[in-house]
Chemist: 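Starting off with a structure, shown below.
Order of appearance sets the numbers: ligands from 1, and atoms from 1 within every ligand.
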Amino acid sequence: MTGNDILYLVIPCYNEEAVLHETAKQLLVKMNSMFDRGMISRESKIMFVNDGSRDKTWEIIRELHESNPIYSGVKLSRNKGHQNALLAGLMTAKEKADMAISLDADLQDDVDVIDKMVEKYYEGNDVVYGVRSARDTDTFFKKFTAEGFYKIMQAMGVEIVFNHADYRLMSKRALEGLSEFREVNLFLRGIVPLIGYKSDIVTYERHERFAGESKYPLKKMLAFATDGITSFSIKPIRMITTCGFLIFAISLIMLIYFLVVHFMGRTVHGWTSTIVSIWAIGGLQLLAIGIVGEYIGKIYLETKARPKYIIETVLDK
Ligand code: UDP
Ligand code: MG
């Protein structure tokens, strides 16, 4: 499938001097091959977003831009984290691009599926998710935590594409949809499915980082996961309510038992009243916290001011 739409590759970079030259080279080869096959417009760009790097990343991006205008750069005023850097790039790309693909600077995501993503875009998909087929290159620990994370997210009722990170194509109108989400705690892979429109997936194998080291240590990974759950789900609050309700219900059953023991005189003085209050008050308190939490959850969802709908087409003659 061919076309003449403008593609922007958006690549967030944080202290990536070790990989940038190689990444730029490989992506250029890819872009050129797509130009030659008439798949994308020659106005397409490779856009690097410098997320407040402390090494030579920005200098390299500037040199690249000077050597060939296909490379463009966006510099954030300071380090804002992967998700924010990505959003900054996508929102900048949105102005000129018909479609944008986000990928990591270390090329762990297989660049050869870019073609397939673009093909699926021409087939009428507004979002194309890159999904990892295997996790052979991951350590057992990373695989276990990552897959566990997707399972927990799904259990919490968050619509999320299994084994999809942030390697995806989005059309201009999907990007416009994304810009309507005003939330500060960004968890893009949870937001994108909420935008809607026709979507598809392409599978790929993830490589190992060819140079430099991961910018996602365990601490950041855990913070990211917590953020993902709490930004999309108020189920943890519901769990408190359920727990409180259960304990209170159990306390009523226990009350009968305590009274029986009491009247049979098999207890020490004061035991019954003490134990009853521990159970009943404990349960009631949890229940009360849960109810208060329900309202806080509502306020939380309201303050996000998410778009209530996004119109795809209107038929009106
Ligand atoms: N990154 C970023 N800002 C940060 C941390 C990471 O822009 O604060 C970028 C980083 O340069 C890379 C991508 O996010 O392009 C993914 O990071 P990394 O490859 O280190 O994560 P991993 O693949 O180990 O999960
Ligand atoms: Mg990586």
Side-chain angles (χ1 to χ4, degrees), residues 8-27 30 46-61 64 71-93 100-111 113-114 129-150 153 160-168 184-190 192 204-228:
Y8 268 57
L9 300 179
V10 177
I11 304 127
C13 310
Y14 177 56
N15 297 343
E16 298 286 11
E17 60 180 9
V19 303
L20 263 184
H21 284 292
E22 178 62 25
T23 300
K25 202 169 84 192
Q26 287 193 30
L27 291 177
K30 177 97 278 179
I46 302 171
M47 180 185 267
F48 295 105
V49 183
N50 177 29
D51 183 18
S53 301
R54 274 163 298 169
D55 62 0
K56 295 220 166 52
T57 299
W58 182 242
E59 279 83 82
I60 299 173
I61 295 171
L64 287 168
Y71 297 116
S72 76
V74 173
K75 186 177 184 226
L76 299 192
S77 60
R78 53 157 293 169
N79 181 255
K80 280 295 188 177
H82 177 216
Q83 299 287 295
N84 290 311
L86 195 52
L87 186 71
L90 291 175
M91 290 302 111
T92 313
I101 295 180
S102 45
L103 64 165
D104 290 353
D106 52 14
L107 296 189
Q108 283 187 287
D109 309 315
D110 186 1
V111 292
V113 298
I114 289 179
Y129 300 98
V131 172
R132 304 178 56 165
S133 57
R135 283 186 177 267
D136 299 340
T137 55
D138 277 351
T139 57
F140 170 77
F141 180 72
K142 175 102 190 186
K143 185 178 150 112
F144 181 75
T145 47
E147 295 198 336
F149 164 70
Y150 287 102
M153 290 293 283
I160 188 169
V161 180
F162 197 72
N163 268 344
H164 158 70
D166 282 307
Y167 188 26
R168 76 177 86 78
V184 179
N185 291 296
L186 261 198
F187 186 71
L188 287 171
R189 61 192 85 160
V192 177
Y204 68 97
E205 266 174 47
R206 193 165 151 108
H207 308 305
E208 264 167 88
R209 201 177 234 280
F210 66 84
E213 53 191 40
S214 173
K215 312 293 180 295
Y216 265 104
L218 182 65
K219 202 174 137 214
K220 265 200 202 172
M221 243 160 61
L222 285 177
F224 185 60
T226 320
D227 220 31

Chemist: Give me the nearest non-hydrogen protein atom to atom 9 (C) of ligand 1 as residue plus atom name, then the distance to 0.1 Å.
Modeler: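 In this structure, atom 9 (C) of ligand 1 has Pro12 O, 3.8 Å as its nearest protein heavy atom.
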
Chemist: Evaluate Ala85 for polar contact with ligand 1, using N/O atom pairs at a separation under 3.5 Å.
Modeler: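 Looking only at distances, the answer is no, because the N/O contact criterion of under 3.5 Å is not met.
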
Chemist: May I ask you to list the atoms of ligand 1 that are less than 4.0 angstrom from any heavy atom of Gln108?
Modeler: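 Answer, ordered by atom number: 19 (O), 22 (P), 23 (O).
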
Chemist: With a 3.5 Å distance limit and no angle check, can you tell me whether Ser102 reaches the backbone of Tyr167 through a side-chain donor-acceptor pair?
Modeler: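 No; zero donor-acceptor contacts below 3.5 Å.
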
Chemist: Looking at residues at least two apart in the chain, or sitting in another chain, which of them share a ring pair (Phe, Tyr, Trp, His ring centres under 6.0 Å) with Phe140?
Modeler: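 Phe140 satisfies ring pair (Phe, Tyr, Trp, His ring centres under 6.0 Å) with Phe144 once adjacent residues are dropped.
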
Chemist: Taking the basic N atoms (NZ, or NE/NH1/NH2) and the acidic carboxylate oxygens, is any pair closer than 4.0 Å for Arg206 and Asp110?
Modeler: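 Salt bridge between Arg206 and Asp110, a charged N being under 4.0 Å from a carboxylate O: no.
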
Chemist: Under 4.0 Å, heavy-atom basis, I'd like to know which part of Ser214 is in contact with ligand 1: side chain, backbone, both or neither.
Modeler: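 The answer is both, backbone and side chain.
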
Chemist: Is there a donor-acceptor pair under 3.5 Å between the side chain of Gln83 and the backbone N or O of Leu188?
Modeler: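 Pair found, side chain donor or acceptor close to backbone of Leu188.
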
Chemist: Backbone, side chain, both or neither: what part of Arg206 comes under 4.0 angstrom of ligand 1, heavy atoms only?
Modeler: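 The part of Arg206 near ligand 1 is the side chain, not the backbone.
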
Chemist: Would you indicate whether the side-chain heavy atoms of Leu9 and Ile114 approach each other to under 4.5 Å?
Modeler: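 They are in contact (side-chain heavy atoms under 4.5 Å apart), so the answer is yes.
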
Chemist: Please state which protein non-hydrogen atom is closest to atom 16 (C) of ligand 1 and give its distance, to 0.1 Å?
Modeler: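 That would be Asp104 OD2, 3.3 Å.
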
Chemist: So which bit of Lys220 gets within less than 4.0 Å of ligand 1, heavy atoms only: side chain, backbone, both or neither?
Modeler: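 Just the side chain.
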
Chemist: For the backbone of Asp106 and the side chain of Asp104, can you confirm whether one donor and one acceptor N or O come within less than 3.5 Å of each other?
Modeler: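 It does not hold such a pair.
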
Chemist: Do Lys80 and Asp51 meet the salt-bridge criterion of a basic N to acidic O distance under 4.0 Å?
Modeler: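 Salt bridge: no.
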
Chemist: Determine whether Ile60 and Glu16 make a side-chain contact, defined as any pair of heavy atoms from C-beta on separated by less than 4.5 Å.
Modeler: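 SC-SC contact between Ile60 and Glu16 ruled out.
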
Chemist: Considering the Mg ion (ligand 2), could you give the total of protein N/O/S atoms lying closer than 2.8 Å?
Modeler: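 If we list every protein N, O or S atom nearer than 2.8 Å to the Mg ion (ligand 2), we get 2.
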
Chemist: For ligand 1, indicate whether the residue His82 contacts it via side chain, backbone, both or neither (heavy-atom separation under 4.0 Å).
Modeler: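 Both backbone and side chain.
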
Chemist: Decide yes or no for Val111 and Leu27: does some side-chain heavy atom of the first lie under 4.5 Å from some side-chain heavy atom of the second?
Modeler: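 Yes; the side chains approach each other to less than 4.5 Å.
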
Chemist: If you measure from each non-hydrogen atom of Asn15 to ligand 1, which part falls under 4.0 Å: side chain, backbone, both or neither?
Modeler: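 The answer is neither; Asn15 stays 4.0 Å or more away.
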
